[in-house]
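Heads up: the structure comes next, in structure tokens.
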Amino acid sequence: MNSDDELDRRRERAARNESLFRQVNERIDELAQKFQLREETLSCVCECADPMCVERIEISHHEYERVRKHPEEFIIRPGHEVSQVEEVVHRETRWIVVRKVGVAATVAAELQESADGD
Ligand SMILES: [Zn+2]
């Protein structure tokens, strides 16, 4: 098997998982806005590439929305990053921000567009 193809597939799969978690987190954020909990900490789910990961991340709304502006960036727990599909662009003690690389970035952007479109 061509290893570039294999890498592309891993990246695509990782981006799909993470975009799904992102949709969950955006819904949590919407509900928080609706109930005017914006000053409170948001408890979002880890947006890492592992579909079985259910860890929560405590993050302020302000910080979450700053990351969410970039469709190819995701908030995950430290240590959950996969160097082949993403690079760490920001580190905090309890969470880090990763940016998709290669085909994963393209897939993440496309999924974000289709999520915004409905
Ligand atoms: Zn995780």
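All ligand and atom numbering here is 1-based and tracks the order in the structure. These figures come from a predicted structure and were not determined experimentally.
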For this session: Take the Zn ion (ligand 1) and tell me which protein N, O or S atoms are nearer than 2.8 Å.
Result: C46 SG, C48 SG, C53 SG, H80 ND1
Problem set entry | Co-members of V82 in a cluster of I, L, V, M, F, W and Y side chains, linked at under 4.5 Å | V85
Problem set entry | Result of checking D29, I57, T41 against Y64 for side-chain contact (heavy atoms from CB on, under 4.5 Å) | D29
Exercise. Could R27 and E30 be called an ion pair, given the rule that one side-chain N must be under 4.0 Å from one carboxylate O?
Worked result: yes
For residues 101-110, run the donor-acceptor check on the side chains, cut-off 3.5 Å, and write out each pair with its distance to 0.1 Å, sequence neighbours left out.
none

For residues 71-79, run the donor-acceptor check on the side chains, cut-off 3.5 Å, and write out each pair with its distance to 0.1 Å, sequence neighbours left out.
residue, atom, partner, partner atom, Å
E73, OE2, R99, NE, 3.1
E73, OE2, R99, NH2, 2.7
R77, NE, E55, OE1, 2.9

Exercise. Yes or no on side chain to side chain contact (heavy atoms under 4.5 Å, CB included) for D50 and N17, after CA distance, side-chain angles and deciding distance?
Worked result: CA-CA 7 Å; D50 179 1; N17 287 339; over 6 Å; no
